[in-house]
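Working notes, beginning with the structure itself.
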Amino acid sequence: MQELEALIFDVDGTLADTERDGHRVAFNLAFAEAGLDWNWSVELYGELLAVTGGKERIRFYLQRHHPDFRPPRGDLDAFIAGLHAAKTRHFTRMLAEGRLPLRPGVARLLEEARAAGLRLAIATTTTPANVEALLVHTLGPDAPGWFDAISAGDVVPAKKPAADIYHHALEALGLPPAACLAFEDSAHGLAAARGADLETIVTVNDYTRGQDFTGALLVVDHLGEPERPMTVLAGDAGGAAMVDVSLLRRLHARARGLERTA
Ligand code: XBP
Ligand code: MG
């Protein structure tokens, strides 16, 4: 049977709770800076998360809420790209200020996986500069080098729920999906990972808790810490309080073993 060789992580909502107090706030700062009176509330942003990717999200918002909007100059693509660049500047500054910590258990699991010889990768919709800033400012300057593949943003034409970004990461790792596990926080992310044949662990957050995670290997509230056990929402963690390498190996073996005999 195929051994577990690598872990592939989503970023937004999975490594850190970035959406409500990070991306949303950065979008609003960029809008204000551009003299726009658009303001994305926590509730509205929850609806806009239906579309992944910041530029795509701005376009979706305009179609829904300001269908007659015309940019003051240039074409709409260029206008959105400019707004989005400003948003990335604000978001990476917030990360540098330490305002967006990693979720429980993330640093613990990354360190344990490295020590156990598992390879690490990232598969995310977000802009590469955001991934770099998050890793550096939460885990240290060497952290981006821990990952054998960082597949991010516009490197593929179709963002999640399309599977493209996971195919990109698998190709960069040079591994089949059966050798890997994915970590996601949303139904779109789960669909992307499952579309690439990856078994997936889901850590929900406030925006995604009510979504349908059928097909996930395990659904938990977070990865857990020794002092802060996780709660299992779906799947069988065998009573474990944390997602650690030994649980991942057991889940992987069980999933792939079942698949082989199915
Ligand atoms: C994350 C996203 C991203 C961020 C914004 O989805 O949808 O768009 O909200 O990032 P996932 P950018 O976690 O499923 O990858 O503005 O840099 O696009
Ligand atoms: Mg996510």
Do you reckon L139 sits in the same ILVMFWY cluster as F91, going by side-chain contacts under 4.5 Å, direct or chained? yes
Short side-chain donor-acceptor distance under 3.5 Å, E33 and H90: yes
Would you say that P177 contacts L170 through its side chain, given a criterion of any heavy-atom pair below 4.5 Å between the two side chains? yes
Residue pair K55, D154: steps toward the salt bridge (charged side-chain N to carboxylate O under 4.0 Å, His left out) verdict: CA-CA 10 Å; K55 295 187 286 292; D154 296 329; 2.9 Å; yes
Do L218 and V202 come close enough that some side-chain heavy atom pair is under 4.5 Å? no
Are the side chains of V156 and Y166 in touch, meaning some heavy atoms are under 4.5 Å apart? no
Is the centre of the H23 ring less than 6.0 Å from the centre of the Y45 ring? no
Quick check: does any side chain N or O of E112 sit under 3.5 Å from a backbone N or O of V245, one acting as donor and the other as acceptor? yes
In this structure, would L7 and M242 fall into the same cluster of hydrophobic residues linked by side-chain contacts under 4.5 Å? no
If only atom types and distance count, is the side chain of R24 paired as donor or acceptor with the main-chain N or O of W40 below 3.5 Å? yes
Under 4.5 Å between any side-chain heavy atoms of T203 and T14, yes or no? yes
For the pair T88 (side chain) and A86 (backbone), establish whether a donor and an acceptor sit closer than 3.5 Å, ignoring hydrogens and angles. no
Please verify the inter-ring angle class for H84 with F27; under 30° counts as parallel, over 60° as perpendicular, anything in between as tilted. tilted
For side-chain contact (heavy atoms from CB on, under 4.5 Å), just list the numbers for V42 and Y207, CA-CA rounded to whole Å, side-chain angles, deciding distance to a tenth of an Å, and then say yes or no. CA-CA 10 Å; V42 171; Y207 273 132; 3.5 Å; yes
With a 6.0 Å cut-off on ring centres, are H65 and W38 close enough? no
CD of E97: more than 12 outside heavy atoms within 6.0 angstrom? yes
Residues in salt bridge (charged side-chain N to carboxylate O under 4.0 Å, His left out) contact with K160, at least two apart in sequence or another chain: D10, E184
Would you kindly confirm whether V219 and F183 end up in one hydrophobic cluster when ILVMFWY residues are joined by side chain heavy atoms under 4.5 Å apart? no
Between D185 and T208: side-chain donor-acceptor atoms closer than 3.5 Å: no
More than 12 heavy atoms of other residues, nucleotides or ligands under 6.0 Å from CZ of R20: yes or no? no
If you draw a 6.0 Å radius around CZ in R209, do more than 12 non-hydrogen atoms from other residues or ligands fall strictly inside? yes
Would you check if the side chain of T127 reaches a backbone N or O of N130 as a donor-acceptor pair within less than 3.5 Å? no
Under 4.5 Å between any side-chain heavy atoms of L223 and V106, yes or no? yes
Hey, is the main chain of G215 close enough, under 3.5 Å, to the side chain of R194 for a donor-acceptor pair? yes
Main-chain N/O of D17 paired to R103 side chain as donor or acceptor, under 3.5 Å: no
A182 and A193: which non-hydrogen atoms are nearest, and at how many Å? CB-CB, 3.8 Å
Across all chains, not counting sequence neighbours, the side-chain contact (heavy atoms from CB on, under 4.5 Å) partners of R228 are P104, H222, E225
Given 3.5 Å as the limit, does a donor-acceptor pair link the side chain of Q211 with the main chain of S186, or not? no
